[in-house]
Number of protein chains: 2
Amino acid sequence: MIPACQIQAISKRSPSVAEGRARPGGPGARMRDVAQAAGVSLMTVSRALREPHKLSEETRKLVLDAIQKIGYVPNSIAANLASNRSTVVGQIVPSIQNSLYADTVKGTADVLRMAGLHLLIADSGYSLQEEEALIGALLSQRVCGLILHNTDHTPKALQMIERAGVPVIETGDIPRRPIDMVVSYSNAAAAKAMTLHLASRGYSRIGFVSLETRNNRRSRERQRGYLAALKALGRPKDPLLIMEVPSGLAAGAHAMVDMVNRAPDVDAIFFAGDVLAIGALFEAQRRGWKVPERIAIAGFDDLDILQHTVPTLTCLRLPRLAIGRRSAEALLERLRGEGDSVRLDLGFEVIQREST
Amino acid sequence: MIPACQIQAISKRSPSVAEGRARPGGPGARMRDVAQAAGVSLMTVSRALREPHKLSEETRKLVLDAIQKIGYVPNSIAANLASNRSTVVGQIVPSIQNSLYADTVKGTADVLRMAGLHLLIADSGYSLQEEEALIGALLSQRVCGLILHNTDHTPKALQMIERAGVPVIETGDIPRRPIDMVVSYSNAAAAKAMTLHLASRGYSRIGFVSLETRNNRRSRERQRGYLAALKALGRPKDPLLIMEVPSGLAAGAHAMVDMVNRAPDVDAIFFAGDVLAIGALFEAQRRGWKVPERIAIAGFDDLDILQHTVPTLTCLRLPRLAIGRRSAEALLERLRGEGDSVRLDLGFEVIQREST
DNA sequence: CTGTTAGCGCGTTCAT
DNA sequence: ATGAACGCGCTAACAG
């Protein structure tokens with residue numbers, strides 16, 4: 001939580017006054033140096049940057065020219081300290097490398113940038129402990145808001161967040177007991193919808209493959225949705241048709257083969273994890289299994305590639321980018337003191353393609 | 001460059017002394033409150049966090065207990081200001097959504113986290129102007145180092161970096177005139193190697209498809225490498241065999257078809273851009289063109305998926321993750337005052353698979 | 001080993 | 001419209 005080591009970044013300088021003369025163009029000019037160069041007070045420089053309309057046009061130009069000339073870059077950490085504001089938002093995702101989260105991050109970053117805010121992105125590696133540590137680090141940096149792609153948190157994390165009093169947005173799923181604001185979709189509802197969709201297309205033995213549900217609420221919710229659909233259909237839960245596997249293309253391939261071996265009458269498999277469906281499709285190609293004739297395949301997330309494979313893959317389309325954008329917007333509203341606590345369900349779509 | 005709007009984040013509080021009594025557990029406890037609760041001076045609390053070994057075991061425990069009890073989260077922006085250090089490194093990539101850059105970011109983030117540093121990630125959207133603005137913003141946040149996945153910069157960006165005096169690492173290619181440190185590979189050398197590899201496997205009419213070279217040094221360098229290989233082979237440059245296309249799977253598909261139509265004797269195509277090769281492969285599957293018999297396909301970057309397609313795809317393997325890790329390590333060394341200016345070429349590998 | 005003093009670079013408040 | 005004094009929360013340098 002507390003940085004283990006702090007590293008010298010910028011060497012201490014004696015005050016420019018003591019240097020006899022400010023060094024225009026020298027490294028790390030301060031506001032004071034600009035003021036001196038422009039022949040005005042420090043405050044005038046400060047205003048020229050934050051409330052230019054409050055200065056006479058003349059003075060303003062004088063100051064801006066000096067800034068330009070000296071190459072002054074404002075120290076926003078000092079500004080933050082003095083004003084008790086921050087322009088940095090913290091976002092924690094399970095994995096930066098996963099392109100699904102990248103979409104959400106992109107949406108957030110774009111909106112925040114428009115508003116002049118910045119994004120400090122962290123990667124929890126799917127670990128609650130790591131998330132807790134990162135939350136501490138972000139709060140320590142005094143971020144003005146937190147966006148968490150996860151709806152499970154350690155007690156200590158919850159406590160820190162509450163004490164800090166910063167606005168928080170959760171985005172991984174619709175939590176039962178939200179910390180604050182929520183911008184998301186329901187994994188359970190999506191999985192249920194896809195299962196029902198497969199049933200409506202005539203598949204009677206529908207398998208379900210996901211990542212481990214143990215420490216992964218998203219997987220758990222998806223499995224729950226699948227089971228709810230079976231129940232709604234009046235079909236029994238068959239352990240042979242339910243698998244949990246590691247992530248990766250290879251895992252999807254193995255899962256499909258295993259399930260077909262164990263339950264030869266399976267006619268469709270719903271892969272509720274990242275790239276599992278693609279791995280399975282490639283394996284089917286390799287083995288010459290016709291998709292969807294021998295086995296239908298559906299995926300969870302609409303990766304670009306799914307509409308280019310042969311056959312193209314049926315999947316759910318989740319509003320990844322929109323979640324990122326709306327999260328940022330909700331945060332901005334709250335920071336402006338306008339909006340109240342947002343609880344958004346951004347829904348999903350079932351995309352029917354050739355593989356089912 | 002200067003945040004357009006600053007937003008109220010934490011409401012101003014009157015000093016806890018004036019509140020009559022510190023509010024233990026209240027929001028935003030300060031070091032002073034901890035000191036009071038522990039019955040020691042402010043400095044002792046500060047030391048308990050940064051140099052615990054300098055305190056008696058007794059005092060240390062006293063302080064840490066108080067911190068725990070109050071739920072104190074240190075304000076590292078105040079610490080930065082007072083100590084002139086920073087624990088945040090800035091990294092700018094062309095696109096967060098591109099999984100290739102995500103690998104580099106991951107490598108950087110992992111190493112930095114180990115050292116107790118954080119990563120402020122920004123996305124330039126492949127624009128030099130945007131990069132300039134982001135560099136300004138990051139310097140304004142007083143990052144202790146900068147990692148740029150790009151080796152072209154605006155004059156103003158260069159000037160700001162120089163004046164700030166922060167260590168910089170460039171990673172997109174081996175630049176001719178580096179700003180400071182470089183951790184990268186040579187796009188030209190890699191493209192040349194792949195072209196020669198294809199020739200050595202007997203392909204005589206090798207096509208080259210890349211993203212636009214106009215505003216993209218990486219593409220330009222790759223094309224240069226391809227041409228250098230042709231020259232080395234004593235083969236002529238044939239405009240029919242060179243294309244520039246937009247990014248995306250569909251672009252790769254179209255490029256392959258176009259090239260085969262224009263130059264029916266083409267026997268191999270080297271796709272030097274992200275997912276172009278995959279798009280082409282899928283199109284070949286769709287059309288029933290045998291790969292590599294009718295047309296051989298090679299890609300540039302070793303995405304996971306390339307080893308799972310049917311057939312598996314020949315490509316280059318670039319040290320994405322290693323670049324991120326070594327960048328962070330080089331930065332850390334410099335910050336510690338140890339290392340000197342690193343200029344690393346991390347090389348590449350040609351991965352021969354079924355598609356050639 | 002512990003405390004005291006000074007000030008990081010800027011914004012807020014009030015005076016002019 | 002402009003400026004001076006003060007303090008944000010913390011650390012460096014020194015004193016004891």
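Keep in mind the model is a prediction, meaning the values are calculated, not measured.
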Exercise for review: Mind grabbing the angle between the end helix axes of the helix from C:dC1-D:dG16 to C:dT16-D:dA1? Five pairs an end, 10° rounding.
Suggested key: 30°
Study note, to complete from the structure: Rounded to whole Å, the CE-P distance (A:M43 to D:dA4) equals 11 Å
Point to revise | Within residues 56-66 of chain B, residues whose heavy atoms come under 4.0 Å of DNA chain D | key: none
Exercise for review: Applying salt bridge (charged side-chain N to carboxylate O under 4.0 Å, His left out), name anything that partners B:E130, two or more places apart in sequence or on another chain.
Suggested key: A:R113
**Study point:** Check: A:I169 main-chain N/O paired with A:D180 side-chain donor or acceptor under 3.5 Å
**Key:** no
Review point. In whole Å, what is the span from the NZ atom of A:K54 to the C1' atom of D:dG3?
Key: 14 Å
Check your understanding: Any donor-acceptor pair under 3.5 Å between the side chain of A:R142 and the base of D:dG9?
Key -> no
**Study point:** Minimum side-chain heavy-atom gap A:H118-B:Q141 below 4.5 Å
**Key:** yes
Revision key, fill the gap. B:E51 CD to D:dT11 P, in whole Å, measures 9 Å
Review point. Is any side-chain nitrogen or oxygen of A:R85 closer than 4.0 Å to OP1 or OP2 of C:dT12?
Key: yes
Review point. Taking only N and O in the side chain of A:T44, is any of them less than 4.0 Å away from OP1 or OP2 of D:dG3?
Key: yes
Point to revise | N/O (side chain, B:R30) to phosphate O (OP1/OP2, D:dC10) under 4.0 Å | key: no
Check your understanding: Atom CG of B:N80 to atom P of D:dC10: distance rounded to whole Å?
Key -> 12 Å
Check your understanding: Just to confirm, is there a sub-4.0 Å distance from OP1 or OP2 of C:dC10 to any side-chain nitrogen or oxygen of A:Y72?
Key -> yes
Point to revise | B:S46 side chain near D:dC10 phosphate (N/O to OP1/OP2, under 4.0 Å) | key: no
